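Just so it is clear, the values below take in all heavy atoms, side chains as well, and ignore hydrogens, waters and symmetry mates. In each ligand, atom 1 is the first atom listed, and ligand 1 is the first ligand listed. The model shown is predicted, which means the values in this text are computed figures rather than measured ones.
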Amino acid sequence: MKRRGLHELYAEDPVKADESVFGRTTNGVTRRGFLSGLKSMSLLLGAEIVYGQFMPAGLIPAAFAQSDSPFVIEGKDGLVILNDRPVNAETPAHLLDDDVTPASRFFVRNNGIVPQSPDANSWTLTIEGESAKQSRTFSLNELKQQFKHYTYQLTLECGGNGRAEFSPAATGNQWTTGAVGCPSWTGVRLKDVLDAVGIKDDAVYIGYYGDDQHLSRTPGKAAISRGVPVDKAMEDESLIAWAMNGKPLPLMNGFPLRLVFGGWPASTSGKWLKKIVVRNQVHDGAKMLGKAYRMPCKPIAPGADVADENMCIIEAMPVKSLITYPQSGIQHKLAQALEVRGHAWCGETPVEKVYTSIDFGQTWQLATLTRPVNRHAWQHFSTKMTFQREGYYEIWAKAEDQNGRTQPMVLPGWNPKGYLNNACHRIAVSVVV
Ligand SMILES: Nc1nc2c(c(=O)[nH]1)N[C@H]1C(S)=C(S)[C@@H](COP(=O)(O)O)O[C@H]1N2
Ligand SMILES: [Mo]
């Protein structure tokens, strides 16, 4: 079972795509051409698109772009399964409304086969590599006893979050908006452990190895083995963590031990952590090379080829925001203020401002924004919006970082694997009398 991107489905088989979007067959009304005209879109929405003249061409109304049929996996609540081999599941936006993401609502992204029943009591972590001064193995209990514990709220977002929107479609899990979350993590600082082992002056990168298996079950073949530059590894907030929100990590999220690098593509945060290698070169493990977790170093035309040597490793994630209340598709009474809220985050700097719009970005209203509780924690915005006429609206949110960088309205630069889509999030609202 694998979900496909909306645009891919529409290009190939619009009728089937309509069925999958609407969850039912179309009787009478031909929806095939619905993208072409505002009139027919309004017809399908059953309401006038109030600021329709400003709506970007080719946009699928947010009311139609929602995920359907949630499927529950053990310990997870309301997540939408995108793929069952390996298991990948995202969280609908309205279920991410909590300031601190509950474990039950934190997304799952697996590249391989999850370890069967990892044992915390016998778990060990080995630090080695050509730029480690020695090779050392710690039991999980030793890590807990020998190093100071720290707790931080850290945002993890998959580099492929938002992939479903790219056109031409990019292969991989068709994440819409839900491969992100910001729980509170407890563990030891990676830098304290690296300092205790000793790292050589020529160290440039660390790489991780986890206890999951490659899908082929080839012994010794890693499903994924990524890492970060030493500077990121040495940040105070870079953790070797055993707890999410004060409880042992859920199995799907790396029990009993994982790395957490807030603000960087979550693929760097190795789960089921068994080994860290200190490297004198950029780590070259599985999914570090080729096109994996890399962007074209220079922007390219949609669909264009790009040579592997012109692909650059993704580092900090771009500025982004998510509307978590209300749920997309609600009805709202005319002439009453609607409370709108959500989160905003950025891998590089804190978020400075969040704006919302109800007229497809013609005008923007400044929202109230909290400060992050610590570096790499998401921030919360809230605002009230009012509507002058009945009809179909979309609420869009746009965050801006401290360098003045904002989110693009629709899609940022196309890239072969569909990474870093930080386009504005939008939800559908029908205003009724
Ligand atoms: N060992 C291991 N670590 C891993 C992965 C994996 O498949 N195996 N997936 C990575 C990717 S691509 C992401 S986005 C995050 C997802 O973390 P989560 O499943 O806890 O949400 O874990 C990363 N760490
Ligand atoms: Mo990822």
Which protein heavy atom lies closest to [atom], and at what distance to 0.1 Å?
{"atom": "atom 23 (C) of ligand 1", "result": "Ala266 O, 3.3 Å"}
{"atom": "atom 17 (O) of ligand 1", "result": "Arg258 NH2, 3.3 Å"}
{"atom": "atom 12 (S) of ligand 1", "result": "Tyr293 OH, 2.9 Å"}

inquiry  = Check for me whether Arg341 meets the cation-pi criterion with Tyr325, that is, NZ or CZ under 6.0 Å from the six-membered ring centre and within 45 degrees of the ring axis.
reply    = yes
message = Given the ring of Tyr209, does Lys275 sit roughly above its face, with NZ or CZ under 6.0 Å from the centre of the six-membered ring and within 45° of the axis?
response = yes
Mind checking whether [X] has an N or O less than 3.5 Å away from an N or O of ligand 1?
{"X": "Trp272", "answer": "no"}
{"X": "Asp212", "answer": "yes"}
{"X": "Asn111", "answer": "yes"}
{"X": "Ser267", "answer": "no"}
{"X": "Cys158", "answer": "no"}

ask   = For atom NZ of Lys291, is the number of surrounding heavy atoms from other residues, nucleotides or ligands below 6.0 Å larger than 12?
value = yes
Report yes or no: does a heavy atom of [X] sit under 4.0 Å from some atom of ligand 1?
{"X": "Leu156", "answer": "no"}
{"X": "Ala223", "answer": "no"}
{"X": "Tyr209", "answer": "no"}
{"X": "Gly254", "answer": "no"}

query = Less than 4.0 Å between a side-chain N and a carboxylate O, is that true for Asp212 and Lys271?
reply = no
request  = Compare every heavy atom of Ile127 with every heavy atom of Phe138, then report the nearest pair and how far apart it is.
outcome  = CE1-CG1, 4.1 Å
query = Atom CZ of Arg294 and atom CD1 of Ile314: how far apart are they, to the nearest 0.5 Å?
reply = 10.0 Å
message = Checking Ser357 against Gln362: is there a side-chain donor and acceptor pair closer than 3.5 Å?
response = no
